[in-house]
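Remember, it's a predicted structure, so these values are computed and weren't measured experimentally. Chain identifiers are assigned alphabetically (A, B, ...) following the order of the sequence lines, protein sequences preceding nucleic acid strands; residue numbering begins at 1 within each chain.
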Number of protein chains: 2
Amino acid sequence: MSLYLRELQMVSGSGKPTISSSTLARRLGLTASQVRKDFAYFGQFGYPGIGYRCDELIQKIRSILGTDRVWPVALIGCGNLGQALLGYRGFGNQGFSVVAAFDKQPNLVGRTFEGLTVRHMDELAETVVASKIELAVLAVPAAAAAEATQEIVAAGISGIMNFAPVTLNLPPSVSQVGVDLAIELEQLAFSVVAKQRARDRSEKG
Amino acid sequence: MSLYLRELQMVSGSGKPTISSSTLARRLGLTASQVRKDFAYFGQFGYPGIGYRCDELIQKIRSILGTDRVWPVALIGCGNLGQALLGYRGFGNQGFSVVAAFDKQPNLVGRTFEGLTVRHMDELAETVVASKIELAVLAVPAAAAAEATQEIVAAGISGIMNFAPVTLNLPPSVSQVGVDLAIELEQLAFSVVAKQRARDRSEKG
DNA sequence: TAGATTGTTAATCGATTAACAATC
DNA sequence: TAGATTGTTAATCGATTAACAATC
């Protein structure tokens, strides 16, 4: 759904008012049936003979994804990665706003990055309530992830985006997405060697 | 496979010499059949009655993934995100080493981050050859991604890890993995609202 | 030998695709 | 009306699971 949204925003931005399932499918490397099925799962959004109205569909998908409003986000961990994520402008466009940043390191607490002053983790719970924060971005070292997770859950957060290369143990009420950059690079390396091996086979065999 | 590797490294680190498919499955939330099938696809790595020898399996998976050696990596784009990726220590452990960093901004070229001096993109092709670089991490703004991609492909890179929120148009010989942080956050938000909606339904209905 | 556990085959399940009546 | 395109049903395909002979 997120990928459809991204593509529809580009189509809409280029001035096209509607798009057919077959055109959208081609752009994303899918089948038209697949596209129609995906949308139909959430309701009847299309117009037979016409296609899908881009702006209307964008609204619908936003509403489905819950990004038709701005989500306040807490950043946990303000080391290198955390600072970069603060500087990353991609979040704001898509309905997310990092409204508070936390750490435990005395040399980071109190410093200001991108206009946000780093607070101590002890202030997390009260800030979550005060700013109605539901999502946390966890950007601490692997060794600190388990403890930070406990504090995040205790503070009442509903979803965690985890950059630490460890498996988090969460209650089922809390959602998570894991972003493990090393694993992504491994997938890439595997894909590269798989292609090399395929080439070697077709040359030799 | 990467997830198996990560888990096996933890098991091995805790001193266990072997592990059964059922134990490994439980730890990862899979079925034992699934685990055995995944391994069997690449060969016969297990011992009936015993299980899998952790260290041996780790070696095999590394060899399958191609991470039984160190991959030199080029970083393209040294803004906030690029600098954070340079500082990120997770890559080195898993067989990747960022050996060169590139940008086009005059205020970045020549500066040094984490011991690497930023070079101009014009030097990419020769550096790729000299350092036998096969992978590139693309951390430039969306608007600059298409042009940078062309230069990367022209330089002879085999795989691109793309942090820009755009669909790259690549020849089939070049692999890619896309890491779109806004999309990941959207998935998280969707998961949170889906749970809220499920709760609302069960309370009301 | 008895117990444990594999690799693999057959059965099940779900997801993708193709086809088409309904609709603009 | 004719052409285009949807939502949905039926057919196909692939992936997951269960079962079990083979093996340590």
How would nucleotides 6-19 of chain C be written as a contact map, 5' to 3', with B for base contact, S for sugar-phosphate-only contact and - for no contact, using protein heavy atoms under 4.0 Å? BBS-------BBBB

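The heavy-atom pair separating A:S2 from A:L65 by the smallest distance is OG-CD1, 3.9 Å. Between B:D103 and B:V109, the shortest heavy-atom contact is O-CG2, 3.6 Å. Closest of all the heavy-atom pairs between B:S63 and B:D68 is CA-OD2, 3.5 Å.
Atom CG of B:N80 and atom CG of A:L85 lie 10.0 Å apart (nearest 0.5 Å). A:S131 OG to A:E126 CD: the interatomic distance, rounded to the nearest 0.5 Å, is 10.0 Å. Rounded to the nearest 0.5 Å, atoms CG (B:L135) and CD1 (B:I152) are 11.0 Å apart. Here B:T117 contributes atom OG1 and B:L108 contributes atom CG; the two are 12.5 Å apart, rounded to the nearest 0.5 Å. The distance from atom SG of A:C78 to atom CG of A:L86, rounded to the nearest 0.5 Å, is 6.0 Å.
Near-neighbour residues of DNA chain C inside residues 57-64 of chain B, defined by a heavy atom below 4.0 Å, are absent. Near-neighbour residues of DNA chain C inside residues 5-12 of chain B, defined by a heavy atom below 4.0 Å, are absent.
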Where each pair must be Watson-Crick or G-U wobble with both distances under 3.5 Å, what dot-bracket representation of DNA chain C is obtained, with crossing pairs in [ ] and other-strand partners as |? ..||||||||||||||||||||||

Got a list of side-chain donor-acceptor pairs under 3.5 Å for residues 35-46 of chain A, not counting sequence neighbours?
residue	atom	partner	partner atom	Å
A:R36	NH1	A:S21	OG	3.0
A:D38	OD1	A:Q34	NE2	3.4
A:D38	OD2	A:Y4	OH	2.6

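Under the salt bridge (charged side-chain N to carboxylate O under 4.0 Å, His left out) criterion, the residue pairs touching residues 134-163 of chain B are B:R69-B:E134, B:K104-B:E147, B:K104-B:E151, with sequence neighbours excluded.
Between A:I157 and the choices A:T149, A:V128, A:V73, A:L138, the side-chain contact (heavy atoms from CB on, under 4.5 Å) rule is met once, by A:V128.
Side chains of B:S158 and A:K195: no donor on one and acceptor on the other come within 3.5 Å.
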